[in-house]
Amino acid sequence: MRALVYTAPSEIELLELPMPKPGRGEVLIKVAWCGICGSEVESFVSGRRRKPPLIMGHEFSGIVAECGFGVSDLEVGERVVINPLIPCNECELCVSGYENVCPKRQLLSMHRPGGCAEYVSVPRRCIFKLPEELSLKLAALSEPLANAVHAYRLIGTHSFKHAVIIGAGTIGLLCLQVVKHFSHANVFVVEPIERKRHVALSLGADVAVNPNEVDVSKLVGELTDGMGANVCFDAVGKSETRALSCKLLSPRGVAVWIGLHDAHADIDGMGVVTGEKCIRGSYAYSREEFEAAVKLLCDGHVQIDGWVDEIPLSESKDAFLSLAAGKGGWIKVLLNCSK
């Protein structure tokens, strides 16, 4: 079978590999669609968090091809989507419903082979059957959408009038759609790339600005009667965007950090303290939030027209390298793993 393999630092190849066999409690999936995630590109560029050799891809859907020993509730040919997060299900955090931060958690495409391949074997508990009305292509966005659902839920139950989203990549655009679906907030998007700003506006953003051309802090102040935003999502994760997320907040506002670009942040600690601002890290999602993401997709609340591009698996190496080099103009790439 063909698979996109991170073979060595700064090297990635489309290789012919032996077909995997499902072990006890596992299921062999014929992959239909697999997204290239920004976290995988970041790992490839930085050399952090993922170690070669490794098959990339943790955002994927497909069809059951074979069931391993002990799996009796799935049939060959069933359409499924995969939750790539594998917690221990035994620690205090897992038992409390916080399996996303389980210290023993594993992730497909990090600790085990991923789905940028024609076939992959995964644990049965990672698999969700798909409703008939949800396409395999759209279902492949369940994982990044679950991240957006989790980030939104970290805000808490209080209502808010103004939200800022820094970064209009995949996660930023999905956060935008989640916020617009669940709230009546005005949403300001901060994004330097023109195409991404246009897409954000088409998806419901009230304002989309280039931070290299506009004083974002001043503008947000003007648009919020001097109060600042109640909520700010940093979907980039650079030191400067984390600092900006806190600066744009109103007193008692909440900054949700999702992006993982940098390890550090240089923020105004005095401003955080005197404004009683809250910073929440957001990592992955719970099983229930993954299910919620699938339902949002199934119910038609997420639009992908104009910002999701299809690439055949045969061209995945060039697509991945283009994303790593910041070329191609793509926002989100979905690999068609049957081509």
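Worth knowing before you read on, the calculation uses all heavy atoms, side chains too, and leaves out hydrogens, waters and symmetry mates.
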Answer yes or no: does atom CZ of Arg195 have more than 12 heavy-atom neighbours from other residues, nucleotides or ligands under 6.0 Å? yes
Backbone N/O of Leu107 and side chain of His111: donor-acceptor pair under 3.5 Å: yes
Do the non-hydrogen side-chain atoms of Ser316 and Ile311 ever get within less than 4.5 Å of each other? no
Mind checking whether Ser245 and Val164 have side chains closer than 4.5 Å, heavy atoms only? no
Distance, nearest 0.5 Å, that separates CG of Leu134 from CZ of Arg79: 6.5 Å
Run the numbers on Asp73 and Arg124 for side chain to side chain contact (heavy atoms under 4.5 Å, CB included), then give the verdict. CA-CA 9 Å; Asp73 60 340; Arg124 167 62 185 93; 2.9 Å; yes
Under a 4.0 Å N-O cut-off, is there an ion pair linking Arg48 with Glu42? yes
Gly167 and Ala235 have their tightest heavy-atom pair at O-CB, 4.1 Å
Check whether more than 12 heavy atoms from other residues, nucleotides or ligands sit under 6.0 Å from atom NZ of Lys295, and answer yes or no. no
Separation between NE2 (His150) and OG (Ser286), nearest 0.5 Å, reads 7.5 Å
Taking Asn210 for its side chain and Asn212 for its backbone only, find out whether a donor-acceptor pair lies under 3.5 Å. yes
Shared hydrophobic cluster, Leu74 / Val120 (ILVMFWY, side-chain heavy atoms < 4.5 Å): yes
Glu78 side chain to Lys129 backbone, donor-acceptor under 3.5 Å: no
Between the side chains of Glu191 and Arg197, is the shortest nitrogen-to-carboxylate-oxygen separation below 4.0 Å, so that they form an ion pair? no
Nearest heavy-atom neighbours spanning Tyr283 and Arg105: CE2-NE, 3.2 Å
Between Tyr98 and Glu92, do the side chains contain a donor N or O and an acceptor N or O under 3.5 Å apart? no
Assess the residue pair Trp33 and Ser135 against the criterion (side chain to side chain contact (heavy atoms under 4.5 Å, CB included)); give the C-alpha distance rounded to whole Å, side-chain angles, the decisive distance to 0.1 Å, and a yes or no. CA-CA 10 Å; Trp33 296 91; Ser135 71; over 6 Å; no
Find out if a path of hydrophobic residues (ILVMFWY) with successive side-chain heavy-atom gaps under 4.5 Å connects Trp330 to Leu313. yes
Is the shortest distance from a Lys or Arg side-chain nitrogen in Arg287 or Glu99 to a carboxylate oxygen in the other one below 4.0 Å? no
Does the side chain of Lys161 come within less than 4.5 Å of Asn230's, by heavy atoms? yes
Hydrophobic cluster membership, Ile36 vs Ile82, 4.5 Å side-chain cutoff: no
Calculate, to the nearest 0.5 Å, the distance between atoms CZ and CG belonging to Phe60 and Leu141 respectively. 14.0 Å
Test: Glu90 and Lys104 ion pair at under 4.0 Å: no
Restricting to non-hydrogen atoms, name the atom on Lys339 and the atom on Pro312 that form the minimum distance, rounded to 0.1 Å. CB-CB, 3.7 Å
Any chance you could measure Met110, atom CE, to Leu85, atom CG, to the nearest 0.5 Å? 10.0 Å
CG-SG distance between Leu136 and Cys337, expressed to the nearest 0.5 angstrom: 11.0 Å
Looking at Pro53, is its backbone amide N or carbonyl O close enough to the side chain of Thr7 to form a donor-acceptor pair, meaning the two atoms are under 3.5 Å apart? no
Any non-hydrogen side-chain atom of Asp268 less than 4.5 Å from a side-chain atom of Cys246? no
Hey, does Asn83 have a side-chain heavy atom less than 4.5 Å from the side chain of Phe128? yes
Note: Glu26-Lys21 ion pair, threshold 4.0 Å (strictly below): no
Is a side-chain N or O of Glu143 found less than 3.5 angstrom from the main chain of His58, in a donor-acceptor match? no
Working for salt bridge (charged side-chain N to carboxylate O under 4.0 Å, His left out), residues Lys137 and Glu310: CA-CA 9 Å; Lys137 177 182 174 182; Glu310 304 172 16; 2.2 Å; yes
When you measure from the side chain of Arg2 to the backbone of Glu118, do you find a donor-acceptor pair of N or O atoms at a distance under 3.5 Å? no
What one should report as the nearest heavy-atom pair of Val254 and Leu249 is O-CD2, 3.4 Å
To the nearest 0.5 Å, what is the distance between CG on Asp266 and NZ on Lys238? 15.5 Å
Quick check against the 3.5 Å criterion: does Lys180 have a side-chain atom that pairs as donor or acceptor with the backbone of Ala185? yes
Is the count of non-hydrogen atoms from other residues, nucleotides or ligands lying under 6.0 Å from Glu75 atom CD greater than 12? no
Would you mind reporting whether Pro52 and Pro9 have side-chain heavy atoms less than 4.5 Å apart? yes
Which label fits Phe188 and His162: parallel for a plane angle under 30°, tilted from 30 to 60°, or perpendicular past 60°? parallel
Validation row: Cys116, Lys317 side chains within 4.5 angstrom (heavy atoms): no
Can you tell if the side chain of Val199 reaches within under 4.5 Å of the side chain of Ser202, non-hydrogen atoms only? yes
Taking NZ in Lys332 as the centre, count heavy atoms belonging to other residues, nucleotides or ligands within less than 6.0 Å. Is the count above 12? yes
Scan side-chain atoms only and decide if Ser239 and Asp262 contain a donor-acceptor pair under the 3.5 Å cut-off. no
Using the rule that Ile, Leu, Val, Met, Phe, Trp and Tyr join whenever any side-chain heavy atoms are under 4.5 Å apart, tell me whether Leu323 and Leu321 fall into a single cluster. yes
Shared hydrophobic cluster, Tyr285 / Leu176 (ILVMFWY, side-chain heavy atoms < 4.5 Å): yes
Quick one, His198 with Glu194, criterion side chain to side chain contact (heavy atoms under 4.5 Å, CB included). Give me CA distance, side-chain angles, the key distance, then yes/no. CA-CA 6 Å; His198 286 315; Glu194 184 177 12; 3.4 Å; yes
Where Glu40 and Gly57 come nearest, the two heavy atoms and their spacing: OE2-N, 2.9 Å
